[in-house]
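Structure first, commentary second.
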Amino acid sequence: MVNVLSELAQHVATGLQRVPKTLSSMYFYDDAGSRLFQQIMALPEYYPTRTEFAIFREHGAAIAAALAPAAGGEFALVELGAGDGAKTKLLLRELLRTGTAFTYAPVDISAGAMTGLVTALRQELPSLHVAPVVADYATALGQLRTRPGSKAVLFLGSNIGNFGPAERLDFLRQLAAPLAPADRLLIGFDLQKDPRRIRAAYDDAQGVTAAFNLNLLTRFNRELGADFDLAHWQHYTDYNPLTGAVRSFLVSARAQQVHFDALDETVDFAAWEVIHTENSYKFTLPQIHELAAEAGLRVVTYFTDAATDFADVVLAIHEE
């Protein structure tokens, strides 16, 4: 816990010195944040989860076949950011149905989310071999390099969109580095569509997404001894159809100071100053092919819903 706290404190200290002030969305997912995100996924405005579910329901057998080693044999199914594993359970059931030998290795930064997932899997899929990992992506990628045997890596739910262009390319190269030619990646990409529909997905009428964003400040109060008054902060989101970027912000509704005991410093916020907390990029299929090539990957196949709102893309490294 000490290391996690020091990493969080260092990140906040650095991020709040930037212009504009910027924090990573990875810190949304404490236990409370993970629970709020489960609520977001059920909202009427939040189409990505339902759409990806539809892809897994319709194409589950083909996805399973695309991920399993062509030569047969046991493999590891590693999922980064597993959450409640709801979509993945469709894939797990398909692999178990066909008698495929594999180990499911879910990775999540939230210990609470992981405990819930493992408990559910033991009840629903008792024959499944599960090897859970509570870690951030960087740690998980390090472990991926030392994991023996064939592997398929899942990165679902359009999480790839949370990375900016340079970070995204670097992350995909890190994912590609430990892979053999027979290994596979399955990455979820939210596709560009009606801009108003996209924006509504990140600013729902019930205010759950606002609570999710503001929970970051609650976490700082609890873990860093900060004194944010949430009554004077607002959630704001915009979407730029030219860049495909949804951007989320926390907005200071008045001039105020916030003290952080863990940092032993006070930060000034001007009235209506923002903290940039999240990006969520949307893609076109040609952009996905171009991104894959830049990262040393190739598109093996992809699966979309009927409306082409979302794509689950199977990738492999380029063979020399």
Side-chain angles (χ1 to χ4, degrees), residues 26 29 52 55-56 59-60 62-92 94-95 100-109 113-114 117 121 128-163 167-190 283 288-289 291-303 310-319:
M26 71 177 284
Y29 297 96
E52 196 171 27
I55 293 170
F56 272 64
H59 303 290
I63 293 171
L67 295 180
E74 186 167 352
F75 76 105
L77 185 69
V78 180
E79 181 172 13
L80 301 179
D84 67 353
K87 291 180 293 252
T88 311
K89 288 174 188 175
L90 297 173
L91 177 62
L92 297 175
E94 184 62 36
L95 289 166
T100 306
F102 73 103
T103 296
Y104 176 50
V107 179
D108 203 281
I109 198 169
M114 184 61 71
L117 173 60
L121 289 172
L128 178 67
H129 186 200
V130 185
V133 180
V134 177
D136 58 23
Y137 293 156
T139 303
L141 287 173
Q143 295 176 356
L144 196 60
R145 293 185 186 92
T146 60
R147 183 179 287 275
S150 296
K151 58 188 75 73
V153 181
L154 309 182
F155 196 53
L156 306 178
S158 73
N159 287 323
I160 192 68
N162 294 142
F163 295 99
E167 296 173 305
R168 182 189 312 137
L169 181 58
D170 182 59
F171 179 72
L172 285 177
R173 285 173 173 163
Q174 289 180 59
L175 275 178
L179 299 183
D183 295 336
R184 294 292 182 262
L185 292 172
L186 179 66
I187 300 182
F189 289 88
D190 196 5
F283 302 87
I288 294 169
H289 280 271
L291 175 62
E294 284 186 85
L297 295 161
R298 61 185 175 86
V299 174
V300 177
T301 188
Y302 63 86
F303 305 90
F310 198 96
D312 280 301
V313 181
V314 180
L315 301 154
I317 62 169
H318 271 300
E319 297 186 53

Looking at Leu186, Leu91, Ile55, which one forms a side chain to side chain contact (heavy atoms under 4.5 Å, CB included) with Leu156? Leu186

With sequence neighbours left out, write down each residue that passes ring-ring contact (aromatic ring centres under 6.0 Å, His included) with Tyr29, or none if nothing qualifies. Phe37, Phe212

Go through the structure and list residues passing side chain to side chain donor-acceptor pair (under 3.5 Å) with His129, not counting sequence neighbours. Thr103

Would Leu291 and Leu172 count as a side chain to side chain contact (heavy atoms under 4.5 Å, CB included) here? Give the steps. CA-CA 9 Å; Leu291 175 62; Leu172 285 177; 3.5 Å; yes

So does Ala101 get a backbone contact from the side chain of Glu74, meaning a donor-acceptor N/O pair under 3.5 Å? no

Listed by chain and number, what are the side-chain contact (heavy atoms from CB on, under 4.5 Å) partners of Ala105, not counting sequence neighbours? Val78, Arg147

For Gly157 versus Glu52, what's the shortest heavy-atom pair and its separation? N-OE1, 2.9 Å

For Gln143, all residues meeting side-chain contact (heavy atoms from CB on, under 4.5 Å), sequence neighbours excluded: Val133, Thr139

Closest heavy-atom pair and its distance - Leu315, Ala292: CD2-CB, 3.8 Å

Show, in sequence, the C-alpha distance, side-chain angles and deciding distance for Leu67 and Leu77, and conclude whether the side chain to side chain contact (heavy atoms under 4.5 Å, CB included) test is met. CA-CA 9 Å; Leu67 295 180; Leu77 185 69; 4.3 Å; yes

Applying salt bridge (Lys or Arg N to Asp or Glu O under 4.0 Å), can you list everything that pairs with Asp190, at least two apart in sequence or on another chain? Lys193, Lys282

What residues form a ring-ring contact (aromatic ring centres under 6.0 Å, His included) with Phe163, not counting sequence neighbours? Phe171

Going from CG on Asn159 to CG on Leu80, what distance comes out if it is rounded to the nearest 0.5 angstrom? 9.0 Å

How close do Ala140 and Val107 get, heavy atom to heavy atom, and via which atoms? CB-CG1, 3.6 Å

Which pairs of donor and acceptor atoms, one on a side chain in residues 173-184, lie under 3.5 Å apart (sequence neighbours left out)?
residue, atom, partner, partner atom, Å
Arg173, NE, Glu294, O, 3.3
Arg173, NH2, Glu294, O, 3.1
Gln174, NE2, Asp170, OD2, 2.8
Asp183, OD1, Lys151, N, 3.0
Asp183, OD2, Ala180, N, 2.8
Arg184, NH1, Pro181, O, 2.9

Contacts of Pro132 meeting side-chain contact (heavy atoms from CB on, under 4.5 Å) (sequence neighbours excluded), chain-then-number -> Pro106, Met114, Val118, Val130

Side chain to side chain donor-acceptor pair (under 3.5 Å) against Thr100, all qualifying residues, sequence neighbours excluded: Thr98

Suppose we screen for salt bridge (Lys or Arg N to Asp or Glu O under 4.0 Å). Which residues come up paired with Glu79, at least two apart in sequence or across chains? none

Do the side chains of Leu117 and Tyr104 get nearer than 4.5 Å, heavy atoms only? yes

Correct closest heavy-atom pair for Tyr137 and Gly81 would be CE2-N, 3.7 Å

Trace of the side chain to side chain contact (heavy atoms under 4.5 Å, CB included) decision for Ile160 with Phe283: CA-CA 10 Å; Ile160 192 68; Phe283 302 87; 4.2 Å; yes

If you apply the rule side chain to side chain contact (heavy atoms under 4.5 Å, CB included), what do you find for Phe310 with Ser158, and how did you get there? CA-CA 9 Å; Phe310 198 96; Ser158 73; 3.8 Å; yes

Return the set of residues passing ring-ring contact (aromatic ring centres under 6.0 Å, His included) with Phe303 (not counting sequence neighbours), or none when no residue passes. His59

Taking His318 for its side chain and Leu297 for its backbone only, find out whether a donor-acceptor pair lies under 3.5 Å. yes

